[in-house]
Amino acid sequence: MRVDNPSSDAPGHDQIPAHRYTAALAAEIERTWQDRWEAEGTFLAPNPSGALQGSFDRVADLPKLYVLDMFPYPSGKGLHVGHPLGFIGTDVYARYQRMNGHNVIHAMGYDAFGLPAEQYAVETGQHPRDTTNANIANMARQLRRLGLGHDPRRSVNTTDPAFYKWTQWIFLQVFGAWYDRDADRARPISELETELANGTRQPEPGTNPGDRPWSDLTDRQRRVVVDAHRLAYLHEAPVNWCPGLGTVLANEEVTADGRSDRGNFPVFRRPLKQWMMRITAYADRLVGDLDLLDWSESIKLMQRNWIGRSEGAEVRFTAGSSEIAVFTTRPDTLFGATYVVLAPEHPLVDRLVATTWAEGVDPRWTGGASTPGEAVAQYRAQTLRRSDLERQTVDREKTGVFIGSTATNPVNGEPVPIFVADYVLMGYGTGAIMAVPAHDQRDFDFAGAFGLPMTAVVSPPEGWPEQPENWDTAWGGAGGGINSTNADLSLDGLSVPAAKAAITTWLEQHDAGRGTVTYKLRDWLFSRQRYWGEPFPIVYDEHDLPIAVPDSELPVLLPDIVDYSPKQFEIDDNTSAPEPPLGRATEWTSVTLDLGDGLKSYRREVNTMPQWAGSCWYELRYLDPTNDAVFVDPAIERYWMGPQSESDGGGVDLYVGGVEHAVLHLLYSRFWHKVLFDLGHLSSKEPYRRLFNQGMVQAAAYTDHRGLHVAANEVDERDGRFFHRDQEVQRHYGKMGKSLKNSVTPDEVCADFGADTLRLYEMFTGPLDQSRPWETKAIVGVFRLLQRIWRSILDEDTGMVRVADTPADEETRRILHKSIAAVRDGMETLRFNTSIARITELNNHLTARFPDGGAPREVVEPLVLLLAPLAPHTAEELWARLGHRHSLAWEPFPEADASLLIDATTEIPVQVNGKVKARLTVPAGMSSTDLEAAARAHDKIAPLLAEATLRKVIVLPDKLVNFVIG
RNA sequence: GCCCGGGUGGCGCAAAUGGUGGACGCGGAGGGCUUAAACCCCUCUGUCGCUUUGGCGACAUGUGGGUUCGAAUCCCACCCCGGGCACCA
């Protein structure tokens, strides 16, 4: 008598057959196969050379495939079921393509530097390194439980010194490079030094303050000039200071209402010396090379908008002995420019401000001040006081003051007044504009408020008043030029593009301007006042100028310090200043090095890099993670990421992640990639050839009568209403997470159903790019599918294989091959939901046709292989029980026999006036004449045709028949 | 305001190039197995109307038009939802 089997007549006893596919059995199978994959190295991807070469010969003839996920940030909360959606999708795709004959590389790492780790460490009183490592271990455990087929040798962690050594090395590559505009690429800074020294190149405008000859400069002055050319440079400029986070932020990390992206704290502009990355040098290529990429149009558009390329012209207005350069995209409206506006911070303001007001000056123009100087000073003070929020409000009333002097419109010699106004931004274009109120809404609003004249120079639509002062809005549309003629130029009657071309040529001929391109994109602020980030490999000497730490000294290790928390400030204390925590590591900040002048003492850079640094290049490190001589071996990079054709820019074959990284990560990463490409380290021009944005998993959340969230797993549904402990609550949907109290963890789902069920469920709820609501009660559907497939193959009571080694019948065989074709299609297009539906149909057919077992092996084995990418553990187990000794991970994916995809007979709809009235079952390939005759003879159709006149017949063989009657 | 996506049963979603709308699953109804229940299995399930209870008919893909023999699919206008940008000259 078995003691472990409770007597079957006990009340409440579960009589589940001993070999049914249950959560417990799934857990056992999953553990077994995960261990076996690991032990056998099933998912190790061989490199063509180097330490990870392994058995490359085995895959040498196969095409390669690089599948990549946006790597996760290992937070202390661990994963919820929303996180692995993309990871499962890439795993299914990678497994499918491996079976489909590719050498697939798929790995996972951790983006582990950053402020949240610091905050979490402060909260729990532990060092960020310890909490980070613990979080990574926990997340790795969660991911392993899902059965993801990653190459474990290739996992990276951005906080690992062996990894950030190379992040620092790449920083030094950027620091050690400059952008050669003539060659349109980055070059090593040493080549610039040579060219400057031998006089074949002059410093870029603005980099040599006194514009003195190179030979007259001191060594220190030369270094300052060279430093000003670098792609990574120190710059004193107004930055986004966020006291609430205790750090400065990049423009991209500040929201439109002037708050921090993370934490939503106020951000203040204040001048500080910070590290910048000259991403603007790449603006044109970052736009242009989007054409090489297989990305969605909407993401490309977001990048284009962010870079904001505008073609136009720079026009110079003379003002006294100075010239004001303005940027405009509408040089064709130059004859309509009736005033000029400078940004409050514009350097020419002080030179051009008049000492007194002219007689009879419009009182609206003076700001109530007695002199222009006073008015400007007042206005600037007022501008500074305004918060970013106020400054950015679009419909704010236009403000500004007249500076008392005028400039000359080069095209007609008219004097135009010069204003200072904060609707003109110093950071864009030249920081100055020509105002054409008739054709620009902002100028129109300003001119209205200040009583400035307007001239129409493009004809407005029919019915608009003669005088622009009487218009309701500016006219920004197309039209023929008017009022635009001088002695040697006329734009009258020209279309807008023709007028632009004509005026640009005229400006160039008269040395009054030129065609230019301007970008919204600004240089990337690259330093942060945080502890938990990569230290800069930079020291300063007695001149206070930056010097690269030699490669041999890398990595510059992050020192252990007692107090690693960022300095805390009141969130709105805009008088505060950043204090990098590394500045407190006094024994670390000064260092003795021999940098060529013998042993000397240097001061270390105490800022750290932003969190984006590691994610700018991690995809390259997966390729060659153990190499300590180079960040990636060029031959290995060429193999996995190199261009596949003349017109291809290279990059990973599939990159899956959330849309939230549409701008920042993807832009920064492309930028670094291009620098490394220019410097000859990479063969690919772009990091991510194909990008796919997965949807978000949302979940029901419930609020009580106070509007507070209650735990979603404690809510019951009764008659379409929702109750939490007998209190009615309101349902809404939102992003899964702690704040909405609606998180579901993969651990729970794996415990209740198994990892394969979780994988199937996530893939079944819709195409990968679509957001979907999570519904725990619906999971049972795919769980049943696995149970039913299991039962098609194994006897639930005995565990014995119940498959027949006899040939399949014709119909079953046709259904199999149609299923194969459809499953493949779903796999290729990342619409795994349709693949799962077709697998279900195939199995439903087997269940119906062979209710007592005996499904033919010829069909069952392909069924298991079709399932394998989606539910790999179950498929492996079934494959083994069917008698196979090896893992199916490298087994060929089934191929459909095209001859079996066409049925012997087809059902043809017969329509009358486009409405289906009857269906005919006819042999495939029946001729049009026969088909029409059969349709006419149908007893539903014949009477309808008899009582009306037939106007037209449409017959499509194998498709339909349509009678048009009148 | 401008620019992108997207609206199909009670729910998640299927439907190459315009050609049988609602595959597959959840939920629901009924039945089988069971002393009973759970599990499992089978059948039905867009809406409305008629029905001699087999069926028959009409209406249905956000709304209103249009193109077409035929529209979820193409065109125009509008409404709603989601996302991006936001004084960028």
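To find a chain, count down the sequence lines: A is the first, B the second, and so on, and within it residues start at 1.
Residues A:Phe335 and A:Val458 are not in side-chain contact: their nearest non-hydrogen atoms beyond the backbone lie 4.5 Å or more apart.
Comparing A:Ser310 and A:Phe963 against RNA chain B, the residue whose closest nucleotide sits nearer the 5' end is A:Phe963. In terms of position along RNA chain B, the nucleotide closest to A:Pro767 lies nearer the 5' end than the nucleotide closest to the other residue of the pair A:Tyr428 and A:Pro767.
For A:Arg788, taking side-chain heavy atoms from C-beta onward, the closest of the listed nucleotides B:A14, B:C42, B:G84 is B:C42. Closest approach to the A:Arg20 side chain among B:A89, B:C69, B:C39 is made by B:C39 (side chain taken as heavy atoms from C-beta onward).
Rounded to the nearest Å, the gap between the C1' atom of B:C80 and that of B:U63 is 10 Å. Using atom P as the reference point in both B:C87 and B:U8, the two lie 35 Å apart (nearest Å). For the P atoms, the distance from B:A14 to B:G1 is 32 Å, rounded to whole Å. Of the C1' atoms belonging to B:G28 and B:C11, the separation is 12 Å, rounded to the nearest Å. The separation of B:A38 from B:G30, taken at their P atoms, amounts to 13 Å, rounded to a whole angstrom.
The stretch residues 295-310 of chain A participates, sequence neighbours left out, in these salt bridge (Lys or Arg N to Asp or Glu O under 4.0 Å) pairs: A:Asp284-A:Arg309, A:Asp291-A:Arg304, A:Glu297-A:Arg304, A:Arg309-A:Glu311. Among pairs with a residue in residues 833-846 of chain A, those fulfilling salt bridge (Lys or Arg N to Asp or Glu O under 4.0 Å) read A:Arg838-A:Glu841, at least two apart in sequence or across chains.
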Footprint string (nucleotides 15-24 of chain B, 5' to 3'): B base within contact, S backbone only, - free, heavy atoms under 4.0 Å | SBB-BBS-BB
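A:Trp790 meets the ring-ring contact (aromatic ring centres under 6.0 Å, His included) test with A:Tyr21; sequence neighbours excluded. Not counting sequence neighbours, A:Phe963 has no partner by the ring-ring contact (aromatic ring centres under 6.0 Å, His included) test. Listed by chain and number, the residues in a ring-ring contact (aromatic ring centres under 6.0 Å, His included) with A:Tyr339 are A:Phe419, A:Phe446 (sequence neighbours excluded). A search for side-chain contact (heavy atoms from CB on, under 4.5 Å) contacts involving A:Thr328 returns A:Val315, A:Arg330, A:Pro331, A:Met434, not counting sequence neighbours. A:Arg20 is linked by a salt bridge (charged side-chain N to carboxylate O under 4.0 Å, His left out) to A:Glu796, counting only residues two or more places apart in sequence or in another chain. With sequence neighbours left out, A:Phe850 forms a ring-ring contact (aromatic ring centres under 6.0 Å, His included) with no residue at all.
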So which protein N/O to nucleotides 74-77 of chain B N/O distances come out below 3.5 Å?
none

Short heteroatom pairs, N/O only, protein and nucleotides 55-58 of chain B, under 3.5 Å:
| residue | atom | partner | partner atom | Å |
| --- | --- | --- | --- | --- |
| B:A58 | OP1 | A:Lys917 | NZ | 3.4 |

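The phosphate of B:A89 has neither OP1 nor OP2 within less than 4.0 Å of any side-chain N or O from A:Thr518. For the OP1/OP2 pair of B:C41 and a distance below 4.0 Å, the side-chain nitrogens and oxygens of A:Arg791 include at least one atom meeting the criterion.
A donor atom on one side chain and an acceptor atom on the other are found under 3.5 Å apart for A:Tyr423 and A:Asp443. Using a 3.5 Å distance cut-off with no hydrogens or angles, the side chains of A:Tyr379 and A:Asp422 do pair a donor with an acceptor.
Within the 4.0 angstrom heavy-atom criterion, no nucleotide atom of any strand lies near A:Glu297. A:Arg784 comes within 4.0 angstrom of sugar-phosphate atoms only, judged by non-hydrogen atoms across all strands, and of no base.
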Could you give the side-chain donor-acceptor pairs of residues 915-925 of chain A under 3.5 Å, partners two or more places apart or in another chain?
none

